[in-house]
Structures are given as C-alpha cells and as structure tokens.
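Letters go in sequence order (proteins before strands), and every chain restarts at 1. Hydrogens, waters and symmetry mates play no part in the numbers below; they use all other heavy atoms, side chains included.
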Protein chains: 2
Amino acid sequence: MKHTPLVEKLIQSFTCLPGVGPRSAQRMAYALLERGRDDGRGLAAALNAAMDGVKQCRRCRNYAEQELCPVCQDPRRDPGLVCIVASPADVLAVEQSAEYRGHYFVLMGELSPLDGVGPRELGLDVLEARLNEGQIQELILATGTTVEGEATAHYVLDLAREAGVSVTRIAQGVPMGGDLEFVDGATLAQALRGRRPFSS
Amino acid sequence: MKHTPLVEKLIQSFTCLPGVGPRSAQRMAYALLERGRDDGRGLAAALNAAMDGVKQCRRCRNYAEQELCPVCQDPRRDPGLVCIVASPADVLAVEQSAEYRGHYFVLMGELSPLDGVGPRELGLDVLEARLNEGQIQELILATGTTVEGEATAHYVLDLAREAGVSVTRIAQGVPMGGDLEFVDGATLAQALRGRRPFSS
Ligand SMILES: [Zn+2]
Ligand SMILES: [Zn+2]
C-alpha cells in the first residue's frame, strides 16, 4: 500500500499546480488531512468560485467578474493610453511598478499560427475596433521579446498605424540594480543600441 | 486594483498549503485561470472528496476510506508486530524503507498536556485494548526524539509493560530532533534493523 485512493487522487491533482512535484503534493495533501480539513474545503470552494466566476473584461480582456474589469471601470485612469500585454500576470507586473495610470489590452497569448493562435484568438479585432473609436492616443507595447512576441508587436503596430494611433514600446535594457555580469548578451546588446545621452 | 475578489480569495486560500507564500499562490491562481480551469475544478473535487471521505482506521487510526485501512486488511502483514508512529506521514516514511511488514498504530500527535493532548486524544486507550488482546508480540517505538516524543514513548512503554508485551525502539540512526517524514528510506531501514529493547 502507499496511499488510499482518495489521497492518491488528491496528491496527483496537486501536481497540476506550477512548481508542485510529487513530494510537495504529498506534503500538501497530508497537511490538509491532518490539521486543515476546513482549509481544504475552503480551498475547494475558492477554486470552484474562481474557475466559474472569473471571466474576461469585454473591453480589455483582463480578468473580470462583471462586464468590465476594475481598471476599465476606474474613471481616474487615462483612457487615452493603452498598454498591450500578453497575460493578466503581466498586467499585475506593470501595476506593481506603480508607474502606469492608463488602460490595458490583454492578448491572453501571442501570435502563433502553427498552434492555431491567430489575430482573432488574441482579440485583435476587438483592439482594432477600440483603436477606431478615436479615444486612444498612444499604444504602449509590452509584449515579450520572443519570436512570437515580436510577430505580435508588429501586427499590433500595423493596426495602430492604420488607425493613426502612435505606438511606443517599453524600454529594453539591463534590469535596475542588476549586476552587469549576470545580464545575458542579447539584453546587453539591446541596452547598448538603446543608449541615451547622459547628464547629471 | 490588484486582483478581483474571487482571484484574491483563491490566492489567499492557496497560502494555507505548506510551503506556499503569497507569490507562489498568485502564480498558482493565474496558471489555473489562464490554462487550467478543468484542472482547477478537478483539484476542487479531489479536495472535497478527500476532506470528506478520508477517515481513520478503527484499528490503527491511520487514514482509511473503509472501516479498516489497507495495512490492517492485508493478511500478509504480521499482526504480532506493531510500529507506533506520530502521524500518517511517518507511516509512509516507514513503508518507503521497504523493510517493515508488521502493523502500525498512528497516534496522530504526541503527548502535550499543555496543548490539551493527553493519552485519550492519541487513542492510547485503543492501543491498550489491542495490547490486552494478546496478539501483539512486540511494539516498535518510532516516535520522535523531541521532549513530547520521549514523553509519549515512555507512556507507551508503561502500557506495554502492564500487558507483558516487549517494546523496542528504532535505532538512533535517525537524526536527533528530526522529523521522521524527512528521513530517507535507507536510513530508516537501518534504524529498523538496529532496533533495541527499550526501558526507562
Ligand atoms: Zn477591462
Ligand atoms: Zn489500520
């Protein structure tokens, strides 16, 4: 014997979580069984509620529990500025920078025709409609720098040009506070190409 | 804004799991929302099934989904040998040593009067009854080496002496003050082979 069937099934289910291998899955299952059955039931309820209740914002495709997400509902945010990101986690990262007060558009992926991910799957028709509304002054590209990220960025650039909206891209370079020796060559090359006049 | 309420609740619920801080909880929630909603619902179902369906074996107090656990049901196991452990995770650790073919008794804790954990909470009345049945030839103590573990070991020793059952203790090859569930199988196998008569 190793585990009883329900425990085995629970351990196996935990391994669907990122960063959870068989060993931590086992620890999680036993911890809940031994001293956290109410926590376990609470987690189950939270999972069901979120899996069923979290939808996408009609306007920006980020997570929302109503028609519009909190950002799209917030009148203090600048609707003339829209930042294009690949995922809701990227929205969080930008929000945590506490630098940005515009809106977002969340692609939920990047162009990858071989995997069946085309412009429609990324909601780029929705973005096109928003660009033609005339309210957007500037699109900020914050997609990744992989091949798919670049392809996506260029597709969005074309859409924005047709609508006469200006496009910028977040700066690429060495991370703040980072040690130069740990920065990869491609990033350093990009940082060198993007060098700017410096004065105190 | 940071997260919508359902996402916030899910992230917070994940932090009840051992080794999961706010940052990994966030990664887990977003991973399930983005590309694993069925996994999320499956995990919820497995949690509910296990929290409700996993009970304790009537005979040894280990996890069971029927009256008796798989070990107590297994006719190939030696009922004359009973290993006393603090938790179901410790049973797993001993099983993984592949050295032991006897039965278990799972205390689900250790004596800690200040926390309200007395002999009854550890099912020591059930153990006493089993000792008096006359089938047990040897009790093997595999409780921890903390103060509570020692107190528990001595309490069990007294019970066994009254019933005329001999008591051994797994060899102190296990790290002092260590948690049994983190000991590797080879060390545990060695500790079992090296068990010695136990007396106060
Ligand atoms: Zn929105
Ligand atoms: Zn049992």
Next on the checklist: According to side-chain hydrogen bond (donor to acceptor under 3.5 Å, both in side chains), does anything in residues 10-19 of chain B pair up with another residue at least two apart or in another chain? List the pairs.
Outcome noted: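 Of all non-adjacent pairs touching residues 10-19 of chain B, none passes side-chain hydrogen bond (donor to acceptor under 3.5 Å, both in side chains).
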Item to check | Proximal to chain B - members of residues 123-138 of chain A, heavy-atom separation under 4.5 Å | outcome: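 At a heavy-atom separation under 4.5 Å, chain B is reached by no residue of residues 123-138 of chain A.
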Item to check | Contacts of residues 44-60 of chain A with chain B (heavy atom under 4.5 Å) | outcome: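 When heavy atoms of chain B are the reference, residues 44-60 of chain A contributes A:A44, A:A46, A:L47, A:N48, A:A49, A:A50, A:M51, A:D52, A:G53, A:V54 within the under-4.5 Å range.
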Next on the checklist: Tell me whether the count of non-hydrogen atoms from other residues, nucleotides or ligands lying under 6.0 Å of CZ in A:R169 goes above 12.
Outcome noted: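 Check passes, neighbour count above 12.
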Tabulate below the donor-acceptor pairs under 3.5 Å that side-chain atoms of residues 109-118 of chain A make, not counting sequence neighbours, or state none.
from   : atom 1 : to     : atom 2 : distance (Å)
A:E110 : OE2    : A:G144 : N      : 3.3
A:S112 : OG     : A:D115 : OD2    : 2.5

Choice from [options] maximising heavy atom contacts with chain A below 4.5 Å:
options: B:Q96, B:K9, B:E34; result: B:E34
options: B:A29, B:G36, B:G40; result: B:G40
options: B:A89, B:A31, B:G42; result: B:A89

Hydrophobic cluster identity match, [X] and [Y], side-chain contacts under 4.5 Å:
X: A:I84; Y: A:L81; result: no
X: B:L157; Y: B:F105; result: yes
X: A:L159; Y: A:V85; result: no
X: A:V71; Y: A:I170; result: yes
X: B:V7; Y: B:L43; result: yes

Checklist entry - Where do B:Q66 and A:T4 land on the side chain to side chain contact (heavy atoms under 4.5 Å, CB included) test, with the steps shown first? => result CA-CA 10 Å; B:Q66 300 167 302; A:T4 58; over 6 Å; no
Checklist entry - Are A:Y63 and B:L6 close enough that some pair of their side-chain heavy atoms sits under 4.5 Å apart? => result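 No - every pair of side-chain heavy atoms lies 4.5 Å or more apart.
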Next on the checklist: Does any backbone or side-chain atom of A:R35 lie under 4.5 Å from a heavy atom of chain B? Answer side chain, backbone, both or neither.
Outcome noted: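 When you check distances to chain B, no heavy atom of A:R35 falls under 4.5 Å.
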Next on the checklist: Walk me through whether B:F14 and A:L17 qualify under side chain to side chain contact (heavy atoms under 4.5 Å, CB included).
Outcome noted: CA-CA 10 Å; B:F14 271 129; A:L17 298 173; 3.8 Å; yes
Next on the checklist: Between A:E65, A:M28, A:R27, A:R41, who has the most heavy-atom pairs with chain B when the cutoff is under 4.5 Å?
Outcome noted: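 Max contact count across the listed options: A:E65.
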Checklist entry - Do you know which of A:D38, A:L32, A:V20 has the most heavy-atom pairs under 4.5 Å to chain B? => result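 Of the options given, most contacts go to A:L32.
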Next on the checklist: Within this structure, what is the CE-CG distance for the pair B:M108 and A:L33, rounded to the nearest 0.5 Å?
Outcome noted: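 Rounded to the nearest 0.5 Å, the CE-CG separation comes to 8.5 Å.
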